Amino acid sequence: GQNIDQPTEMTATEGAIVQINCTYQTSGFNGLFWYQQHAGEAPTFLSYNVLDGLEEKGRFSSFLSRSKGYSYLLLKELQMKDSASYLCAVRDGGRGSTLGRLYFGRGTQLTVWP
Amino acid sequence: GAGVSQSPSNKVTEKGKDVELRCDPISGHTALYWYRQRLGQGLEFLIYFQGNSAPDKSGLPSDRFSAERTGESVSTLTIQRTQQEDSAVYLCASSSSGGPYEQYFGPGTRLTVT
């Protein structure tokens, strides 16, 4: 089966750095995604990793180790508006011409305190 | 062009009634996904359409659920004989055939079964 694990909740203070971990076990792998979801809103795309290493995009970075089935999302210079749920998702290998479906973790609720 | 749109935004229905939810993907996006998100829970995959390939229906929870897609445009998710446990936000997402294929989500339809 497919298994995506991430912590349920995390808290941090404004200006700090927080790392949200995600471990996965899937039958195939064709990329790992991080999404941000504010309460009552749809998820929005943050980052994508398909090769090992770190991808940096402004205050957000995402890391992937395929051999360890592990990723993390790093948020720097935290702001109050970063309070949201962060979803880790893994795409399987797909079939033929299909892209493959995403398997989502349950999300990590991050609360940023002033 | 415009993002993914869904209608209705809210739907309240009586147990046992049928409901139809609509999704308009981003123009040109070949892949379309339906998810269900119960309150405080992660995203639950329902069904995935990719071009002319047979849809991946592996996430549909019962035969009361079905979905159709017209070419590479509009999709409808139908729930027959609704039950209270069907109450959730139903999210639609689409992705293109180029790049990392990140999914763009619509605002969702909040379904309440009374």
Side-chain angles (χ1 to χ4, degrees), chain A residues 1-9 20 22 24 26-51 55 57 60 62 64 71 84-109, chain B residues 2-7 9-10 23-26 29-60 67 69 72 88-110:
Chain A
Q2 321 294 347
N3 195 36
I4 316 292
D5 282 322
Q6 51 182 132
T8 304
E9 295 180 328
I20 303 174
C22 171
Y24 63 90
T26 55
S27 56
F29 181 83
N30 193 16
L32 186 144
F33 297 78
W34 284 95
Y35 283 82
Q36 180 190 61
Q37 186 177 27
H38 285 101
E41 298 181 12
T44 55
F45 170 75
L46 286 179
S47 70
Y48 167 75
N49 295 71
V50 68
L51 300 176
E55 294 284 340
K57 190 187 291 186
F60 294 2
S62 57
L64 175 67
S71 173
S85 181
Y86 291 85
L87 309 175
C88 174
V90 174
R91 186 168 61 210
D92 70 12
R95 303 288 184 274
S97 63
T98 63
L99 298 175
R101 54 169 286 191
L102 289 187
Y103 294 89
F104 280 85
R106 295 170 68 87
T108 298
Q109 182 63 48
Chain B
V4 178
S5 61
Q6 292 184 245
S7 61
S9 55
N10 280 284
C23 172
D24 281 274
I26 293 172
H29 278 193
T30 58
L32 186 147
Y33 309 78
W34 283 98
Y35 297 90
R36 177 169 71 178
Q37 189 172 34
R38 293 194 171 107
L39 187 63
Q41 303 296 311
L43 271 70
E44 178 185 4
F45 168 79
L46 297 177
I47 188 169
Y48 157 44
F49 297 89
Q50 169 65 55
N52 294 322
S53 300
D56 178 351
K57 302 181 180 181
S58 60
L60 294 178
R69 187 180 186 193
E72 292 186 352
V89 175
Y90 288 82
L91 290 162
C92 173
S94 69
S95 64
S96 68
S97 58
Y101 318 120
E102 68 266 29
Q103 296 182 17
Y104 294 85
F105 284 83
T109 294
R110 182 175 299 278

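For the numbers below, each heavy atom of this structure counts, side chains included, while hydrogens, waters and symmetry mates do not. No experiment lies behind these values; they were computed from the predicted model shown. Quick note on labels: first sequence line is chain A, next is B, and so on, each numbered from 1.
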Mind checking whether A:E41 and B:F105 have side chains closer than 4.5 Å, heavy atoms only?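 No - every pair of side-chain heavy atoms lies 4.5 Å or more apart.
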Any side-chain heavy atom of B:L43 within less than 4.5 Å of one from A:Y35?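 When only atoms from C-beta onward are counted, A:Y35 and B:L43 do not touch, as no gap falls below 4.5 Å.
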Distance-minimising heavy-atom pair for A:F33 and B:E102: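 Here A:F33 and B:E102 meet closest at CE2-CA, 3.7 Å.
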If every non-hydrogen atom of A:A42 is compared with every non-hydrogen atom of B:G106, which pair is closest and at what distance?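 Closest approach of A:A42 to B:G106, heavy atoms only: CB-O, 2.9 Å.
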Look at atom CZ of A:F29 and say whether more than 12 heavy atoms of other residues, nucleotides or ligands are closer to it than 6.0 Å.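 For A:F29, atom CZ is crowded (more than 12 foreign heavy atoms under 6.0 Å).
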Under a 4.5 Å heavy-atom cut-off, does chain B meet the side chain of A:I4, its backbone, both or neither?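 Contact with chain B involves no heavy atom of A:I4 at all.
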Measuring heavy-atom distances to chain B, does A:Q109 have an atom under 4.5 Å in its side chain, in its backbone, in both, or in neither?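 A:Q109 has no heavy atom closer than 4.5 Å to chain B.
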Atom pair CZ (A:F104) and CD (B:Q37), whose distance is rounded to the nearest 0.5 Å: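 The CD atom of B:Q37 is 9.5 Å from CZ of A:F104, to the nearest 0.5 Å.
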